[in-house]
Amino acid sequence: MAYDAFLLVSFGGPEGQDDVLPFLENVTRGRGIPASRLSAVAEHYRHFGGVSPINAQNRALIDALRSELDLPIYWGNRNWHPFLPDAVAQMRDDGIRHALAFVTSPFGSNSSCRQYLDDIAAARSTVGEDAPAIDKIRHFHDHPLYIESHAAAVRAALAELPSRLAARLVFTAHSIPTAMNAASGPGGVGRYQAQLLETAALVAAAAAPELPWDLVWQSRSGPPQVPWLEPDVNDHLESLAAAGVREVVVSPIGFISDHLEVIWDLDNEARATAARLGIAFARAATPGVDARFVTMIRQLVDERVLAHSNVRHALGTVPTWDFCPADCCVSPKRV
């Protein structure tokens with residue numbers, strides 16, 4: 001299939017103190033997030049001068065991709081500048097007709113996939129009938145280079161611990177409501193958790209097959225009465241300490257770069273929990289601009305551009321596909 005541009009689609013983040021509350025209001029509009037939670041998250045951003053690291057990380061990724069892709073690269077965010085409709089308008093003005101979009105989440109759920117598809121559709125509608133067609137690249141939770149980039153980071157983190165053989169691997173991802181997880185995948189098959197379990201198993205097997213591992217959750221933000229995926233990483237550390245575990249590697253396999261959630265929720269809160277419990281703590285890096293991850297993106301582009309080659313880079317059994325059906329990852333409100 002012929003594509004004439006590459007579009008990076010991401011979450012977005014504030015880049016100064018004055019951006020923080022408007023950004024969070026964009027993120028949480030219509031979700032009923034308690035004001036206390038909004039204030040707490042705002043303080044997390046203010047701790048870093050009101051600047052989220054995600055935009056700088058996306059700029060670095062775009063710079064790394066320029067030597068890999070023979071396509072013009074555009075960038076649009078869901079929640080902050082540069083906004084997705086502005087990027088689509090620029091593509092139209094530049095004469096782009098058919099772009100391939102890479103979304104900065106490997107997994108399928110309403111918040112990590114379907115909302116991005118809806119955002120792309122809304123941006124095209126805003127731009128009008130001359131907007132370019134935009135196809136989203138498939139999920140990549142089990143791509144060999146995604147797995148190896150995380151596995152290499154786990155091996156490096158294990159080397160920081162006093163006794164590698166005594167460690168436990170703790171894989172984390174952003175928690176979502178249990179109803180959203182249940183609705184993820186075509187027809188609602190719990191695809192989000194299934195993909196993450198497969199990613200965790202593949203990374204553990206590649207990095208340290210002799211060590212036990214767990215998949216836990218972080219960064220819950222919803223109303224307390226709504227069930228979310230559990231256990232939280234801090235609660236899990238409490239359980240591990242009670243069971244006699246004294247060393248952990250925490251690997252944020254649900255993230256492609258060191259978002260604020262990684263830096264605050266793991267490097268600050270989870271690390272402090274581990275220190276209080278007497279657990280040696282090492283946090284594995286996210287892929288960021290690791291050469292394997294950048295090459296992975298180019299391979300995903302090649303898969304679509306050279307669709308006739310039938311090359312599919314995947315290690316797992318949870319299926320992925322190029323075009324999502326209409327009943328895939330619908331909003332829990334519609335279930």
Side-chain angles (χ1 to χ4, degrees), residues 11-14 20-21 23-48 52-54 78-79 104-116 141 170-184 190-197 199-200 214-241 248 250-274 276-277 281 283 286 329 331-333 335:
F11 192 78
V20 173
L21 281 178
F23 162 74
L24 291 175
E25 289 164 358
N26 284 342
V27 173
T28 61
R29 185 170 291 115
R31 289 175 52 194
I33 303 298
S36 59
R37 175 61 180 167
L38 208 62
S39 298
V41 175
E43 285 305 311
H44 298 171
Y45 282 99
R46 298 193 192 288
H47 184 80
F48 297 97
S52 167
I54 191 172
R78 174 190 291 176
N79 297 300
T104 55
S105 172
F107 306 100
S109 73
N110 186 262
S111 62
S112 60
C113 184
R114 173 57 61 182
Q115 285 184 26
Y116 284 107
H141 76 283
V170 178
F171 297 107
T172 72
H174 205 301
S175 184
I176 61 173
T178 57
M180 183 184 292
N181 176 65
S184 62
R191 182 58 50 84
Y192 181 72
Q193 187 171 21
Q195 287 178 320
L196 278 154
L197 281 167
T199 302
D214 310 289
L215 174 65
V216 302
W217 310 96
Q218 63 171 92
S219 311
R220 176 193 170 122
S221 60
Q225 69 273 17
V226 177
W228 283 51
L229 293 175
E230 295 179 337
D232 176 79
V233 59
N234 293 285
D235 296 336
H236 187 65
L237 291 174
E238 297 271 3
S239 299
L240 291 180
V248 298
V250 174
S251 171
I253 55 169
F255 300 86
I256 71 165
S257 63
D258 283 7
H259 299 185
L260 186 96
E261 290 93 340
V262 174
I263 295 173
W264 183 265
D265 295 352
L266 298 183
D267 293 352
N268 285 272
E269 292 183 347
R271 187 181 296 275
T273 298
R276 174 174 57 81
L277 296 168
F281 180 101
R283 201 266 288 175
T286 51
C329 297
S331 169
K333 296 177 181 178
V335 176

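For the pair I253/T172, no side-chain contact is recorded, criterion being any heavy-atom separation below 4.5 Å from C-beta on. Side-chain atoms of S105 and I256, non-hydrogen and from C-beta on, never get closer than 4.5 Å to each other. The closest side-chain heavy-atom distance from F171 to D214 is not below 4.5 Å. Within the 4.5 Å cutoff, the side chain of L260 has no heavy atoms near those of the I54 side chain. Put simply, the side chain of D265 does not reach to within 4.5 Å of the side chain of V233, judged on heavy atoms. Here the side chains of L240 and V170 are in contact, with some heavy-atom distance below 4.5 Å.
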Residues N234, E269; criterion side chain to side chain donor-acceptor pair (under 3.5 Å); working and verdict:
CA-CA 8 Å; N234 293 285; E269 292 183 347; 4.5 Å; no

Side chain to side chain contact (heavy atoms under 4.5 Å, CB included) between S52 and Y45, intermediate numbers included
CA-CA 7 Å; S52 167; Y45 282 99; 3.6 Å; yes

Can you check side chain to side chain contact (heavy atoms under 4.5 Å, CB included) on W264 and V41, steps first, answer last?
CA-CA 10 Å; W264 183 265; V41 175; over 6 Å; no

Which is it for R276 and E238 under the salt bridge (Lys or Arg N to Asp or Glu O under 4.0 Å) test, yes or no, and what are the steps along the way?
CA-CA 10 Å; R276 174 174 57 81; E238 297 271 3; 2.5 Å; yes

In sequence, state the C-alpha distance, the side-chain angles, and the governing distance for R283 and F281, and then conclude on side chain to side chain contact (heavy atoms under 4.5 Å, CB included).
CA-CA 7 Å; R283 201 266 288 175; F281 180 101; 3.8 Å; yes

Apply side chain to side chain contact (heavy atoms under 4.5 Å, CB included) to the pair W228 and S221, showing each step before the final yes or no.
CA-CA 9 Å; W228 283 51; S221 60; 3.6 Å; yes

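Of all heavy-atom pairs between P231 and V216, the closest is O-CB, 3.5 Å. For P14 against F23, the heavy-atom pair with the smallest separation is CD-CD2, 3.3 Å. When all heavy atoms of R220 and V226 are compared, the closest pair comes out as NH2-O, 2.7 Å. Shortest non-hydrogen contact noted between N110 and S331 is ND2-N, 3.2 Å. Heavy-atom minimum distance, L237 versus A270: CD1-O, 3.6 Å. A pairwise comparison of heavy atoms in C329 and G108 identifies SG-C, 3.8 Å as the closest pair.
Side-chain contact annotation: T286 with D258, donor-acceptor N/O pair under 3.5 Å present. Side-chain contact annotation: N268 with R271, donor-acceptor N/O pair under 3.5 Å absent. Defined by atom type and a distance below 3.5 Å, a donor-acceptor pair is missing between the side-chain atoms of D232 and Q218.
Partners of H259 under the side-chain hydrogen bond (donor to acceptor under 3.5 Å, both in side chains) rule, at least two apart in sequence or in another chain, are S257. The side-chain hydrogen bond (donor to acceptor under 3.5 Å, both in side chains) check on S251 picks up nothing, with sequence neighbours excluded. Residues passing the side-chain contact (heavy atoms from CB on, under 4.5 Å) test with T178, sequence neighbours excluded: P227, L229.
Residues H174 and W217 keep their aromatic ring centres 6.0 Å or farther apart.
Note: E261 CD to S175 OG = 12.0 Å, rounded to the nearest 0.5 Å. Here OG of S39 is found 9.5 Å from CG of L24. Values are rounded to the nearest 0.5 Å. Here the CZ-CG distance, from R29 to N79, works out to 9.0 Å after rounding to the nearest 0.5 Å.
At least one donor-acceptor pair under 3.5 Å links the side chain of N181 to the backbone N or O of Q193. Checking side-chain atoms of S184 against main-chain N and O of S109 turns up no donor-acceptor pair under 3.5 Å.
Ring geometry, Y192 versus F107: the interplanar angle exceeds 60°, so the pair is classed perpendicular (tilted spans 30 to 60°).
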